[in-house]
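Shown next, in structure tokens, is the structure this report addresses.
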Amino acid sequence: MASEVVHKYIVVEGPIGVGKTSLARRLCDSLSAHGVFEQAAENPFLERFYKNPRAGALPTQLYFLLQRAQQLTALTQADLFVPVRVADYLLEKDRLFARVTLDENEYALYEQLYAKLDIKAPKPDLVVYLQAPVDVLIERIAKRGVEYEQYIDRGYLERLNEAYARFFHELLAAIRRMSRGRLYFNPLRSRTL
């Protein structure tokens, strides 16, 4: 009898509209897991960002950073007896989005704040990366019917798709280069998105 691999913290990640939350919810049901979900609807700057990305990028990103930091830090202090958790976002997505949406000076400010937060996020044992062509993302976003999401620009989705692909391909390449011991790898610092 083969031993069964048990994942305690599973993350589903990918661009907006790809189906992260839907899959995460299904996994929660199938695995009797506790869900950890992004709270995008609570961000008061998100609608402004989608209507005018330049005017809304920095406050939107800072709100998400602080929200995610608080939520993930609370997980490390929460009930240790929760057998499995499934999340619909990876903390590293925050920097990925920041590189795509912020200008150079805003990103420098963002990085200063990120460093000061010293976020103690749990490390996932499994990350499921979902991909879809931009046309599919646009179709799903339209079908979802969230009013302010209808302002999302195609070019923005293309940049996100490219950033995600680069992030996960660089991560895979780093894993293939590993031989033994520990490897500290941050693809968002090693390359500009």
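Leu137 places none of its side-chain heavy atoms less than 4.5 Å from the side chain of Ile152. Tyr156 is listed as a side-chain neighbour of Thr101, based on a closest heavy-atom distance under 4.5 Å. Taking 4.5 Å as the limit, some side-chain heavy atom of Arg48 sits within range of a side-chain heavy atom of Pro59. Between Arg85 and Lys8 the shortest side-chain heavy-atom distance does not fall below 4.5 Å. Between Leu102 and Gln61 the shortest side-chain heavy-atom distance falls below 4.5 Å. Leu96 is listed as a side-chain neighbour of Leu160, based on a closest heavy-atom distance under 4.5 Å. With a 4.5 Å cut-off on side-chain heavy atoms, Leu23 and Val86 do not count as touching. Between Tyr89 and Leu72, the closest side-chain pair of non-hydrogen atoms falls below 4.5 Å.
Remark: Arg154 CZ is packed, more than 12 non-hydrogen atoms of other residues, nucleotides or ligands lying under 6.0 Å away. Counting non-hydrogen atoms of other residues, nucleotides and ligands closer than 6.0 Å to CD of Gln150 gives a total above 12.
A distance of 6.0 Å or more separates the ring centres of Phe49 and Phe97.
In this pair, Tyr110 and Tyr114 present their aromatic rings tilted. The plane angle is within the 30 to 60° band.
Lys143 has no carboxylate O lying under 4.0 Å from a charged side-chain N of Glu139, or vice versa, which leaves the two without a salt bridge. Note on Arg25 versus Asp88: no salt bridge recorded, every NZ/NE/NH1/NH2 to OD/OE distance being 4.0 Å or above. Contact check on Arg166 versus Glu162 returns no salt bridge, with no Lys/Arg side-chain nitrogen under 4.0 Å from an Asp/Glu carboxylate oxygen. We find that Glu38 and Lys93 are joined by a salt bridge, their nearest charged nitrogen and carboxylate oxygen being less than 4.0 Å apart.
In this structure Pro124 satisfies the side chain to side chain contact (heavy atoms under 4.5 Å, CB included) test together with Tyr9, Val11, Leu90, Val127, sequence neighbours excluded.
Annotation: the span from Glu149 atom CD to Arg144 atom CZ amounts to 4.0 Å, rounded to 0.5 Å.
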